[in-house]
There are 2 protein chains.
Amino acid sequence: MLTTLTEENYLKAIYHISQSTQSEVSTNAIAQKIDAKASSVTDMLKKLADKNLITYIKYRGVHLTEKGRLAAVDIVRKHRLWEVFLVDKLNFAWDEVHDVAEQLEHIKSQKLINELEALLDFPTHDPHGDPIPDKNGQIHRTNKILLSQAEVGKSYTCVGVLDSSSDFLKYLDKYKIGIGTALQLEDKEDFDQSMNIIINDDAIVMSKAITNNIYVKLHKGN
Amino acid sequence: MLTTLTEENYLKAIYHISQSTQSEVSTNAIAQKIDAKASSVTDMLKKLADKNLITYIKYRGVHLTEKGRLAAVDIVRKHRLWEVFLVDKLNFAWDEVHDVAEQLEHIKSQKLINELEALLDFPTHDPHGDPIPDKNGQIHRTNKILLSQAEVGKSYTCVGVLDSSSDFLKYLDKYKIGIGTALQLEDKEDFDQSMNIIINDDAIVMSKAITNNIYVKLHKGN
DNA sequence: ATTAAAATTTAGATGAGTCTAAAAATATTT
DNA sequence: AAATATTTTTAGACTCATCTAAATTTTAAT
Ligand SMILES: [Mn+2]
Ligand SMILES: [Mn+2]
Ligand SMILES: [Mn+2]
Ligand SMILES: [Mn+2]
């Protein structure tokens, strides 16, 4: 039973929402993500339930079945592999890849995606630091924290971003922050949680809105 | 004014048919190519005419406007570039690329296709020997002839195929015939136009059905 | 020049995906 | 516990792309 492009987008939306919320996914949350009206979502939920891709109880929200989860993760896998391709092979910047990957993720060819993965040397993460699911739908999660949760006085490495909007990524570009950049947390202001960070020997101030969207892990060597 | 995937497929079909027929393209010819009923084609022709992509006179067939021609050629350009990508970078065989390219040709991103072209080193022909239109919709046609029209006693180089069905391409693979292969026309049978051809020092017999689908040009050095 | 055949268009219906407006169910406040 | 607000579903309609069956036009044959 083949899935349409639209169904794939719904599955992916449900998957991403369920990643953050853990519990059942609401109609409204999906509507917001998909940018559609709640009534349209209800219609689609019935279809996905008929195909056993989600379990759906009226008024109670939905969650993915194992079949649905695998379908969703497969789309995520394709999306992230294509993003790597665009950056590594086609000179795209990391803020330019998402929209094109949204199209490419729906191309149906098993051989295509397997060969693409090989061409890219089996990358583990996409240009935004998000893990790439393997063929079996397994995801290797690394223990990363938000920079806002980091401890004063310690050194970190940037390993990803939460918000991958073009605006935010361009902000990071401006201050030469990318995946792998070393960040030293000098100080944190109690009043507004803004942070003094040293990057490439430059000291900059980051608001909570910024530090809440940068993933880091403790730098090797303290 | 954006074109839908379906409209793009109709434009491409009309373009390809007009290449062989020269004159107006008939509703039935399109229906056959698209694998749809004639009534569906009529509906779409009205839409394409409204968008000034074709000129359409009831019962009299259609032809592409300049705007429509450019749109069609752009799809062809993408299709063929993707085919090169699949063969050169992803280890696809020349009989495996068409269906995937049918999907990829509809991806919308100018940067994507320009960068892809650069990654592939600006190829001039696709894996089946068909020319790749340039950014401006110009097509560099080489003077090739069908092997069936070749002269006995002369040597040729295979430069393309007319039929690029998997069945035909696998036949060519079996006899180690590909783009660039040298073919020497030894003899031609008057009765059925079958030919005796020498390839890689092997003599083989090809029926008219075969020689009618192989493009060749005179081998350099007579 | 009629008639028959073939090609094309129209009319009406269907399914996928969406919408608005109204109804129903659930959650929150008083 | 009622009243109110929010969320979700239903009902009915729309667009796109398709179909079948019938009507029309063009082409070919008598
Ligand atoms: Mn993305
Ligand atoms: Mn990403
Ligand atoms: Mn092709
Ligand atoms: Mn081709």
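Note on naming: letters A, B, ... go to the chains in the order of the sequence lines (proteins, then strands), and numbering restarts at 1 for each one.
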*Where chain B begins and ends its contact with DNA chain D, read 5' to 3' at 4.0 Å from heavy atoms*: dC16(D) to dT27(D)
Which atom pairs, one a donor and one an acceptor, fall under 3.5 Å between side chains of residues 158-166 of chain A and the rest of the protein, sequence neighbours left out?
unit_1  : atom_1 : unit_2  : atom_2 : d
D163(A) : OD1    : S165(A) : N      : 2.7
D163(A) : OD1    : S165(A) : OG     : 3.0
D163(A) : OD2    : S165(A) : OG     : 3.3
S165(A) : OG     : F168(A) : N      : 3.3
S166(A) : OG     : D95(A)  : OD2    : 3.1

*For DNA chain C, determine which residues of residues 4-36 of chain A have any heavy atom closer than 4.0 angstrom to one of its atoms, and list them numerically.*
T4(A), T6(A), Y10(A), A36(A)
_Nearest-nucleotide 5' precedence on DNA chain C, Y56(B) against A38(A)_ = Y56(B)
*Are K58(B) and dT10(C) close enough that a side-chain N or O sits under 4.0 Å from OP1 or OP2?*
yes
*Donor-acceptor contact present, side-chain R77(B) to main-chain E105(B), <3.5 Å*: no
*asked:* Could you tell me how far apart L45(B) (CG) and dA7(C) (C1') are, to the nearest whole angstrom?
replied: 13 Å
*Pairs where residues 41-90 of chain A contributes a residue and the test ring-ring contact (aromatic ring centres under 6.0 Å, His included) is met, not counting sequence neighbours*: H79(A)-H98(A), W82(A)-F85(A), F85(A)-F85(B)
_Going by side-chain hydrogen bond (donor to acceptor under 3.5 Å, both in side chains), name the residues that satisfy it together with D173(B), two or more places apart in sequence or in a different chain._
W94(B)
Less than 3.5 Å apart, which donor and acceptor atoms pair up between the side chains of residues 26-50 of chain B and the rest of the protein, not counting sequence neighbours?
unit_1 : atom_1 : unit_2 : atom_2 : d
S26(B) : OG     : A29(B) : N      : 3.1
T42(B) : OG1    : A38(B) : O      : 3.2

*asked:* Rounding to an integer number of Å, can you tell me how far Y59(A) OH sits from dA24(C) P?
replied: 9 Å
*Identify the two heavy atoms, one from I145(B) and one from A150(B), that lie closest to each other, and give their separation to 0.1 Å.*
CD1-CA, 4.0 Å
*Is K12(B) salt-bridged to E102(B), going by a charged N under 4.0 Å from an acidic O?*
yes
*Rounded to whole angstroms, how far apart are CE on M44(B) and P on dT9(C)?*
14 Å
_Which heavy atom of L119(B) sits nearest to which heavy atom of K89(A), and what is that distance?_
CD1-O, 3.8 Å
